[in-house]
Number of protein chains: 2
Amino acid sequence: MPAKPKRQKTRIEDIRRVELIDAAHRIFLREGLKGLTTTKICAEAGMSQGILTYYFRDKDEVLFEMVRMNNRVLADAVVVHLRAASNGWERLTALIDGNFPAPYYDRPTARAWISLYAEAAHNERYARLIRPYYRRLRSNITAILKPVMAPEAIDHFVRGFAAMIDGLWLRRGHSETDMWLDEAKLLLVEYIERMLGSEVVARLKAG
Amino acid sequence: MPAKPKRQKTRIEDIRRVELIDAAHRIFLREGLKGLTTTKICAEAGMSQGILTYYFRDKDEVLFEMVRMNNRVLADAVVVHLRAASNGWERLTALIDGNFPAPYYDRPTARAWISLYAEAAHNERYARLIRPYYRRLRSNITAILKPVMAPEAIDHFVRGFAAMIDGLWLRRGHSETDMWLDEAKLLLVEYIERMLGSEVVARLKAG
DNA sequence: CAAAAATTTGTACGCTCTAACAATTTTTTG
DNA sequence: CAAAAAATTGTTAGAGCGTACAAATTTTTG
């Protein structure tokens with residue numbers, strides 16, 4: 001057996017994979033999970049049918065890579081926001097900004113992700129794809145609130161906060177006019193303020 | 001042309017339709033919208049394949065009737081709760097009870113309805129099926145709050161409240177343990193209390 | 001430049017689903 | 001009870017899907 005079974009790979013493999021993932025992402029936003037077929041992905045990428053299974057095991061691997069890429073981008077954005085924050089309150093609002101990225105809180109995006117969530121409900125592999133998102137949200141909030149709140153109170157708050165975030169995305173997908181970015185962010189800020197109470201908020205703003 | 005084109009129908013048509021709708025409902029809760037196929041519906045009802053298109057135009061008509069039946073049952077339950085309420089505050093909590101019927105706030109139910117919502121996002125006919133639910137919720141809340149709040153404030157509140165309800169259902173579908181009935185109701189009651197403020201709540205409880 | 005490897009194409013198989021429908025059985029009617 | 005109507009069955013056509021794969025093309029290698 002050779003010491004170097006794989007030589008330095010040409011970059012074309014990486015290029016094609018990214019092109020296909022991008023194409024899948026466009027279809028996904030446009031037509032949801034149901035409309036995401038191999039034929040459409042390849043056509044959108046300007047390639048022929050068979051190429052997909054040459055660069056990926058199957059269609060799901062394209063989808064999974066797409067979701068992972070998205071999660072990574074979102075998580076990085078949150079980190080950037082968090083770094084810029086100078087106290088607990090700003091770190092909380094940074095989480096809001098991170099979960100509602102300005103240009104992407106639109107109906108197609110909301111619709112697409114809802115379709116993925118729906119599938120995840122009956123498919124464990126899809127469910128595993130989504131869980132990291134919540135784990136990170138939970139751990140971020142917990143870290144921020146730990147200095148100023150009791151653990152059980154934090155858990156209770158996180159459950160409500162997470163539900164609110166999900167609900168605001170769901171409402172966004174439901175109608176073109178029923179929900180919009182500023183309103184969603186305002187509702188979340190109000191939620192934090194009223195649920196934590198002015199005393200905790202003051203302490204958050206202090207440190 | 002005869003004066004009576006349709007004579008007194010035998011009840012068997014109504015029986016079969018209900019049986020098929022019930023069967024569809026069981027499949028729907030068990031496997032979601034994606035698992036709801038004509039073959040499975042008929043098998044579940046103990047009939048043969050072809051019978052479905054004899055009593056319904058197509059599969060979607062079964063689904064639509066199923067949803068309409070469900071909406072009717074839910075709406076009736078809300079009305080019962082509302083009748084028993086003696087002031088504004090109780091009417092609000094009655095809405096909560098109506099939207100979270102004790103034995104049905106479980107994972108299969110949540111999953112199933114999420115799958116329907118996902119489809120509605122890309123299918124206008126499905127979307128029309130769901131809208132009445134929100135219209136009723138909105139109009140119920142508005143009627144309750146009109147005496148004690150400004151119209152714009154009511155709209156703002158309703159958007160948050162509706163998002164919270166949706167989010168709590170979404171969270172319920174996501175995991176077996178992350179959300180449960182008492183916690184969901186508590187979060188909603190807290191939401192109302194904190195968002196409306198003690199003064200408005202006091203006035204609601206007064207009348 | 002020729003051989004080998006990598007890349008791309010187009011086709012085709014097997015699967016699942018919906019809806020249509022002829023054929024059959026059961027029930028009602030006169 | 002026989003004819004007509006209603007109810008039910010089982011099959012099948014047709015469309016869309018994912019994936020496998022042989023063949024063709026392009027690029028790399030020596």
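The figures that follow rest on heavy atoms only: side chains count, while hydrogens, waters and symmetry mates do not.
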Atom-pair distance (CG on Asp58(A); C1' on dA20(D)), nearest Å: 13 Å
Those residues of residues 26-40 of chain A lying under 4.0 Å from DNA chain D by at least one heavy atom: Leu36(A), Thr37(A), Thr38(A)
Results of side-chain contact (heavy atoms from CB on, under 4.5 Å) for Glu152(A) - residues two or more places apart only: Ala150(A)
By side chain to side chain donor-acceptor pair (under 3.5 Å) - contacts of Asp166(A) (at least two apart): Tyr134(A), Arg171(B)
Residue pairs passing the salt bridge (Lys or Arg N to Asp or Glu O under 4.0 Å) test where at least one lies in residues 95-106 of chain A, sequence neighbours excluded: Asp97(A)-Lys185(A)
Between dT8(D) (P) and Glu13(B) (CD): distance, integer Å: 10 Å
Sugar-phosphate, base or nothing in reach of Tyr55(A), heavy atoms under 4.0 Å: sugar-phosphate
side-chain contact (heavy atoms from CB on, under 4.5 Å) partners for Val78(A), two or more places apart: Leu82(A), Leu95(A), Asn140(A)
Which atoms of nucleotides 9-13 of chain C (N or O only) lie under 3.5 Å from a protein N or O atom, and what are those distances?
from, atom 1, to, atom 2, distance (Å)
dT9(C), OP2, Ser48(A), N, 3.0
dT9(C), OP2, Ser48(A), OG, 3.1
dT9(C), O5', Ser48(A), OG, 3.3

Between C1' of dT27(C) and CD1 of Ile15(B), the distance in whole Å: 14 Å
Electrostatic pair Glu183(A)-Arg172(A), nearest N-O below 4.0 angstrom: no
side-chain contact (heavy atoms from CB on, under 4.5 Å) involving Tyr54(B) - partner list, sequence neighbours excluded: none
Rounded distance in Å - CG (Asp14(A)) to P (dT7(C)): 10 Å
Nearest-angstrom distance from the residue atom NZ of Lys59(B) to C1' of dA20(C): 17 Å
Out of dT8(C), dG18(D), dA7(D), whichever nucleotide has its closest atom nearest the side chain of Ile12(A): dT8(C)
Thr39(B): partners by side-chain contact (heavy atoms from CB on, under 4.5 Å), with sequence neighbours left out: Thr37(B), Gln49(B)
Protein-nucleotide distance (Ile41(B), atom CD1; dT18(C), atom C1'), rounded to Å: 11 Å
Distance-minimising heavy-atom pair for Arg107(A) and His174(A): NH1-O, 3.1 Å
Throw together a table of side-chain donor-acceptor distances under 3.5 angstrom for residues 15-24 of chain B, partners on residues two or more places apart or in other chains.
from, atom 1, to, atom 2, distance (Å)
Arg16(B), NH1, Glu19(B), OE1, 2.9
Arg17(B), NH1, Tyr55(B), O, 2.9

Distance test, side-chain N/O of Arg16(B) to OP1/OP2 of dT8(D), below 4.0 Å: yes
Protein-nucleotide distance (Arg57(A), atom CZ; dC21(D), atom P), rounded to Å: 16 Å
